[in-house]
Amino acid sequence: MGAAVLLVRAALLPVWPIPQPVIYDEFSYLLQADTFAHGRLTNPPHPLWQFFESIYILQQPTYASKYPPGQGLAMAAGQRLAGNAWYGVWLSCGALAAALCWALQGWLPLRWALLGSVISLDLCLFSYWMNSYWGGAVAGIGGAMVVGAWARIVRGGQRRQAWIFGIGIVLLLLTRPFEGFLLAAPASMALWARLGRSQWQVWLPVASLLAMGLAWQGFYDFRVTGRFWRMPYQEYFAQYESVPPLTILPVQPNKVFRHFDLEFHDSGWTRKVNREARSWRLPAIRGKDLYTTLKTIFGSSTWVLVFAAIFPALLLSRRLRLPVILAGLMAGGSAIELVYYSHYAAPFAAVLLILLVEGLRRLNLLARRKTAGGRKFGKFAVATLCGGILVLTWTEHATDIYRHRTPEEIRSVIATRGPIEHDLLERRPGKHVIFVRYTGTEIPHQEWVYNASDIDGSDVIWAQDMGSQNGRLMSYYPARSFWLFEPDRDSRHLAPYPQP
């Protein structure tokens with residue numbers, strides 16, 4: 001399964017090329033990957049860092065991403081090995097397919113695990129987890145390792161799988177700490193209830209790996225923020241945000257910003273979604289988010305309907321008690337998050353696939369018992385249902401790829417950011433600075449000011465337009481050409497910036 005994902009996506013590159021980043025999170029992860037790929041955990045702040053302030057990027061006390069390091073490490077591996085961070089995403093999605101297959105085999109008969117793996121191909125190949133830089137795969141691998149190892153330890157007595165269990169917890173810590181905790185803590189408690197504390201062959205590896213993971217995370221936090229106990233996420237919130245990521249936390253007073261985009265994001269979009277998340281509309285909003293999450297992981301709306309129909313029959317199953325509890329915690333945890341995207345549920349991907357396939361297996365048994373045709377008709381009905389959904393889903397994807405209508409190819413105008421740089425260097429070889437002047441926007445997720453980890457070494461630097469203060473940056477870069485970019489008026493045109 002892992003090899004199939006890697007080979008198929010690589011074969012599609014001529015017609016479905018490497019995606020262009022367009023969302024805040026993607027640029028932040030790309031900065032992190034570029035930093036790691038150059039052998040650094042963080043970067044020193046730029047002397048004129050105020051010109052480079054950007055959403056989800058720390059400028060002080062160091063220049064770094066606000067996110068945990070797991071996704072950035074995977075992308076850095078791709079950048080080092082193949083010259084592009086996306087190949088790290090590609091490799092991690094192949095590993096995700098393998099990890100999901102392995103986890104399913106721990107809970108289901110092999111042929112049913114194979115069916116679940118085939119269903120997961122849509123997630124690993126066609127979703128934005130593969131075709132963007134938002135992440136999802138690394139956290140999904142961690143969740144699959146925890147769930148798959150748990151079944152083997154408890155049911156098969158394979159104590160050596162404790163190492164896999166511990167590695168999975170560390171991956172969750174380094175990617176999605178909150179959602180990872182919602183999975184790892186109950187799984188560990190259930191393991192303790194089954195084994196007790198006397199099973200040192202299990203708890204010693206888990207405790208050792210967790211201690212090393214926490215120590216490494218603390219060291220990373222220290223290098224970025226200067227304090228072992230202060231995550232970059234917390235430092236960024238203290239400097240640039242007033243609305244917390246969890247709605248059970250209080251909203252802070254408005255902050256004062258130097259730039260329009262940062263102020264618009266914090267005072268506009270985040271406060272709007274905060275009002276919705278704390279209102280009576282939350283059940284409908286989060287219900288829609290969870291539907292989108294299930295559709296992303298299963299690959300089809302039809303699978304979501306099948307899952308909704310068969311899930312109640314699984315609630316009283318003792319064998320599936322842990323997956324059912326974990327699915328409930330995923331849904332409950334989403335209710336206190338400010339927003340909820342599909343990759344937030346990445347730690348639970350294996351859990352959801354286990355429940356879906358187990359429901360199909362029980363549907364197969366029910367059809368065999370209650371139909372006149374007996375076993376053959378039951379097998380035919382379930383096979384037809386599964387085969388029909390998979391064929392329709394893959395046909396839709398093939399059509400989108402052929403017509404160049406995949407999601408990232410019809411996304412935001414910011415996908416032109418890379419071509420703008422390329423065209424500028426083609427027309428005017430040399431080094432450049434592009435001042436970005438915002439004149440107002442109704443779209444909160446359009447941000448243009450992002451740079452590599454070595455700002456001074458970049459051929460093209462994107463900077464905030466600070467009006468009369470721009471002369472400071474122009475004096476700092478006397479050998480560069482300067483351009484003015486007003487994306488709200490014309491997202492494709494650069495005008496020469498007037499010399500002072």
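Worth knowing before you read on, the calculation uses all heavy atoms, side chains too, and leaves out hydrogens, waters and symmetry mates. Note that the coordinates shown come from a computational prediction; the quantities given were computed from them, not determined experimentally.
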Evaluate whether atom OH of Y477 has more than 12 neighbouring non-hydrogen atoms of other residues, nucleotides or ligands under 6.0 angstrom away. yes

Non-neighbouring partners of Y240 that pass ring-ring contact (aromatic ring centres under 6.0 Å, His included), sequence neighbours left out: Y236

For residues 42-51, which residue pairs qualify under salt bridge (Lys or Arg N to Asp or Glu O under 4.0 Å), counting only residues two or more places apart or in two chains? none

So L41 and F36, side-chain contact (heavy atoms from CB on, under 4.5 Å) or not? Walk me through it. CA-CA 6 Å; L41 290 180; F36 295 159; 4.1 Å; yes

What is the distance from atom CD of Q79 to atom NE2 of H38, rounded to the nearest 0.5 Å? 6.5 Å

Who are the side chain to side chain contact (heavy atoms under 4.5 Å, CB included) partners of S188, not counting sequence neighbours? F165, I169

Using the salt bridge (Lys or Arg N to Asp or Glu O under 4.0 Å) rule, collect all pairs that involve residues 51-76, keeping only residues at least two apart or in two chains. E53-R258, K66-E241

If you apply the rule side-chain contact (heavy atoms from CB on, under 4.5 Å), what do you find for W129 with V89, and how did you get there? CA-CA 8 Å; W129 292 18; V89 179; over 6 Å; no

Quick one: does any side-chain atom of T225 pair with a main-chain N or O of R230 as donor and acceptor, under 3.5 Å? yes

Table please: side-chain donor-acceptor pairs of residues 213-222 below 3.5 Å, with sequence neighbours left out.
{"from": "Q217", "atom 1": "NE2", "to": "D221", "atom 2": "OD1", "distance (Å)": "2.8"}
{"from": "Y220", "atom 1": "OH", "to": "Q32", "atom 2": "NE2", "distance (Å)": "3.2"}

Please examine the side chains of M474 and F435, heavy atoms only from C-beta on, and report whether any two atoms are closer than 4.5 Å. yes

Name the orientation class of the two ring planes belonging to Y87 and W90 (parallel below 30°, tilted from 30 to 60°, perpendicular beyond 60°). perpendicular

For D454, enumerate each residue passing the salt bridge (charged side-chain N to carboxylate O under 4.0 Å, His left out) test, keeping only those at least two apart in sequence or located in another chain. none

Any donor-acceptor pair under 3.5 Å linking the side-chain atoms of Q234 with those of W229? no

Could you check E235 against Q60 for side-chain contact (heavy atoms from CB on, under 4.5 Å), going step by step and ending with a plain yes or no? CA-CA 9 Å; E235 183 65 33; Q60 293 288 333; over 6 Å; no

Applying the ring pair (Phe, Tyr, Trp, His ring centres under 6.0 Å) test to W448, which of Y438, F485, F260, F27 qualifies? F485

Verify the neighbour count for atom CZ of R223: are there more than 12 heavy atoms of other residues, nucleotides or ligands below 6.0 Å? no

Heavy-atom distance under 4.5 Å between the side chains of Y344 and S334, does that happen here? no

State which residues pass ring-ring contact (aromatic ring centres under 6.0 Å, His included) with H397; sequence neighbours excluded, sorted by chain then number. F126

Can you give me every donor-acceptor pair (side chain of residues 291-299, partner residue at least two apart or in another chain, under 3.5 Å) with its distance?
{"from": "Y291", "atom 1": "OH", "to": "S301", "atom 2": "OG", "distance (Å)": "2.7"}
{"from": "T292", "atom 1": "OG1", "to": "K288", "atom 2": "O", "distance (Å)": "3.0"}
{"from": "T293", "atom 1": "OG1", "to": "D289", "atom 2": "O", "distance (Å)": "2.9"}
{"from": "T296", "atom 1": "OG1", "to": "T292", "atom 2": "O", "distance (Å)": "2.9"}
{"from": "T296", "atom 1": "OG1", "to": "S342", "atom 2": "OG", "distance (Å)": "3.1"}

Hey, does E396 have a side-chain heavy atom less than 4.5 Å from the side chain of S300? no

With E263, which residues qualify under salt bridge (charged side-chain N to carboxylate O under 4.0 Å, His left out), at least two apart? none

State which residues pass salt bridge (charged side-chain N to carboxylate O under 4.0 Å, His left out) with R80; sequence neighbours excluded, sorted by chain then number. none

Return a table of donor-acceptor pairs under 3.5 angstrom between the side chains of residues 145-153 and protein atoms on other chains or two or more places apart.
{"from": "W150", "atom 1": "NE1", "to": "A187", "atom 2": "O", "distance (Å)": "3.2"}
{"from": "R152", "atom 1": "NH1", "to": "W102", "atom 2": "O", "distance (Å)": "3.1"}
{"from": "R152", "atom 1": "NH1", "to": "G148", "atom 2": "O", "distance (Å)": "3.1"}
{"from": "R152", "atom 1": "NH2", "to": "W102", "atom 2": "O", "distance (Å)": "2.8"}

Under 6.0 Å from the OH atom of Y476, do we count more than 12 heavy atoms belonging to anything else shown? yes

Donor-acceptor pair, side chain of S120 and main chain of S117, under 3.5 angstrom: yes

side-chain contact (heavy atoms from CB on, under 4.5 Å) between L96 and M130: does it pass, once the steps are laid out? CA-CA 10 Å; L96 174 63; M130 167 68 91; over 6 Å; no

Taking only residues two or more places apart in sequence or in another chain, which ones pass salt bridge (charged side-chain N to carboxylate O under 4.0 Å, His left out) with D465? R437

